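This structure is a prediction, so every number in the text was calculated from the model and none was measured.
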Amino acid sequence: MDAVAVILEAPEKLALRPLALNPMAAGDVRVEIDWSGISSGTEKLLWTGRMPNFPGMGYPLVPGYESVGRIVDAGAEARGRIGEWVFVPGANCYAQARGLFGGTARQVLLPAARAIPIRESLGRDGILLALAATAHHAIAIGGVPDLVIGHGILGRLIARITVASGGGTPTVWETNPDRRDGFGYPVIDPATDERRDYRAICDASGAGDILDIAFGRLGKGGEVVLAGFYDRLSFAFPPAFMREARLRIAAEFTPADIAATLALIDTGLLELDGLISHARPAAEAVDAYPQAFTDPDCLKMVLDWRSI
């Protein structure tokens with residue numbers, strides 16, 4: 001069968017058209033997607049053509065690893081899953097396009113084990129599970145931060161999970177005054193912060209010069225965790241040397257991060273409301289992607305597939 005999907009044909013060239021799906025295997029499920037998120041990190045790199053050459057990378061490519069919907073069909077080994085509301089962290093199911101991410105389509109096929117059951121009552125906020133698990137992973141490997149750099153969607157989730165997990169109240173830096181709305185923690189202009197003794201700094205800005213900035217604010221033996229995605233990083237050695245700075249890189253979230261994040265959501269400790277700022281019909285994807293990457297007021301863009 002065919003499914004309507006968003007396709008990156010080449011850098012800055014996007015289309016919305018039907019693609020043939022691969023045959024369903026015995027352990028697969030078919031999910032009808034209602035909502036999908038647009039990532040302003042990795043997907044922006046794909047859009048601009050600056051994404052590093054990972055295995056499976058290339059064009060044409062279906063983006064997306066933040067989708068939610070209902071299982072509407074399944075192979076012989078997964079028939080009991082039909083009807084479940086699930087989170088889809090991507091799908092590699094297209095006969096005519098790469099599926100390095102692959103979740104931004106009206107219908108997707110994926111192994112049943114990768115379709116994660118979530119509460120349907122979360123609605124479109126369910127697409128935030130991947131980002132929330134990424135934030136949890138950064139904290140899990142690097143410890144509770146006392147400074148978070150960047151108050152975009154990932155920085156907000158890192159700060160919220162820190163508070164929700166009982167890790168205290170972090171300070172958050174944000175240079176954009178329109179993004180200094182806190183959620184139980186202070187969000188300040190870094191130019192007004194005189195501290196030079198932070199124990200643990202978590203960067204969610206993705207800025208190329210972040211190491212020089214962060215190392216200059218650490219206390220002795222402090223650690224910087226990089227939670228964003230970066231093209232190339234460098235730093236001046238003397239400030240890092242004087243502080244005996246440590247550096248850690250947070251990569252993909254794990255099943256344990258998913259389970260822990262869902263537990264925080266289900267118990268009400270982690271709230272996801274107010275994080276999605278923009279929603280557009282999937283039919284407007286050609287305009288929605290550039291807006292998600294260039295509009296400073298767009299914290300998180302989601303596509304609504306329900307009318308496709």
Side-chain angles (χ1 to χ4, degrees), residues 37 39-41 66 122 125-176 179-190 192-207 210-211 213-219 221-230 245-277 299-300:
S39 164
S40 58
E66 303 171 329
L122 287 173
D125 285 344
I127 65 101
L128 296 168
L129 180 58
L131 274 172
T134 298
H136 184 277
H137 186 69
I139 296 169
I141 69 163
V144 174
D146 47 2
L147 173 64
V148 178
I149 301 178
H151 202 225
I153 187 78
L154 181 58
R156 290 169 192 251
L157 283 164
I158 292 169
R160 289 191 187 193
I161 290 174
T162 297
V163 174
S165 302
T169 304
T171 296
V172 179
W173 283 359
E174 177 53 56
T175 57
N176 183 348
R179 290 192 172 186
R180 293 196 191 123
D181 51 320
F183 198 84
Y185 50 83
V187 185
I188 64 173
D189 182 344
T192 66
D193 189 355
E194 298 181 355
R195 281 191 63 178
R196 298 291 190 277
D197 62 350
Y198 284 108
R199 171 188 52 82
I201 299 175
C202 189
D203 178 62
S205 71
I210 197 60
L211 291 179
I213 295 169
F215 285 153
R217 297 303 190 108
L218 282 178
E223 181 170 273
V224 175
V225 175
L226 298 177
F229 196 88
Y230 311 81
R246 294 175 294 162
L247 177 64
R248 192 183 297 266
I249 297 171
E252 291 182 306
F253 58 83
T254 67
D257 295 309
I258 289 283
T261 301
L262 285 174
L264 289 172
I265 294 170
D266 290 342
T267 57
L269 292 172
L270 175 60
E271 298 180 34
L272 300 177
D273 54 306
L275 295 173
I276 293 174
S277 60
L299 185 64
K300 187 65 177 178

Does the side chain of [Y] come within less than 4.5 Å of [X]'s, by heavy atoms?
X	Y	answer
Leu264	Ser165	yes
Leu226	Leu211	yes
Arg195	Leu147	no
Leu154	Ser205	no
Leu275	Lys300	no
Ile139	Ile158	yes
Glu271	Asp125	no
Arg246	Leu218	no

Task: Leu128 and its side-chain contact (heavy atoms from CB on, under 4.5 Å) partner, picked from Leu122, Leu270, Ile265, Ile276 - done: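 Considering Leu122, Leu270, Ile265, Ile276, a side-chain contact (heavy atoms from CB on, under 4.5 Å) with Leu128 is found only for Ile276.
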Task: With Arg180 via salt bridge (Lys or Arg N to Asp or Glu O under 4.0 Å) - residues at least two apart - done: Asp189
Looking only at heavy atoms, what is the nearest atom pair of [X] and [Y], with distance?
X	Y	answer
Ile201	Asp146	N-OD1, 4.5 Å
Cys202	Ala138	SG-CB, 4.1 Å
Ile249	Ile141	O-CD1, 3.5 Å
Gly150	Val172	O-CG1, 4.0 Å
Ala214	Ile149	CB-CD1, 4.4 Å
Val144	Ala200	O-CB, 3.6 Å

Rounded to the nearest 0.5 Å, what separation is found between the [atom1] atom of [X] and the [atom2] atom of [Y]?
X	Y	atom1	atom2	result
Asp181	Arg156	CG	CZ	4.0 Å
Thr261	Asp266	OG1	CG	10.5 Å
Ser40	Leu299	OG	CG	8.0 Å
Leu131	Leu157	CG	CG	6.0 Å

TODO: Give a yes/no verdict on a cation-pi contact between Arg217 and Tyr198, requiring under 6.0 Å between NZ or CZ and the six-membered ring centre and an angle within 45° of the axis.
DONE: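 No, cation not above the ring by the 6.0 Å, 45° rule.
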- [ ] Please answer whether the main-chain N or O of Pro190 pairs with a side-chain N or O of Asp193 as donor and acceptor at a distance below 3.5 Å.
- [x]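 Side chain of Asp193 to backbone of Pro190: no pair is present.
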Open item on the list: Would you say the ring centers of His151 and Tyr185 fall short of 6.0 Å from each other?
Closed with: yes
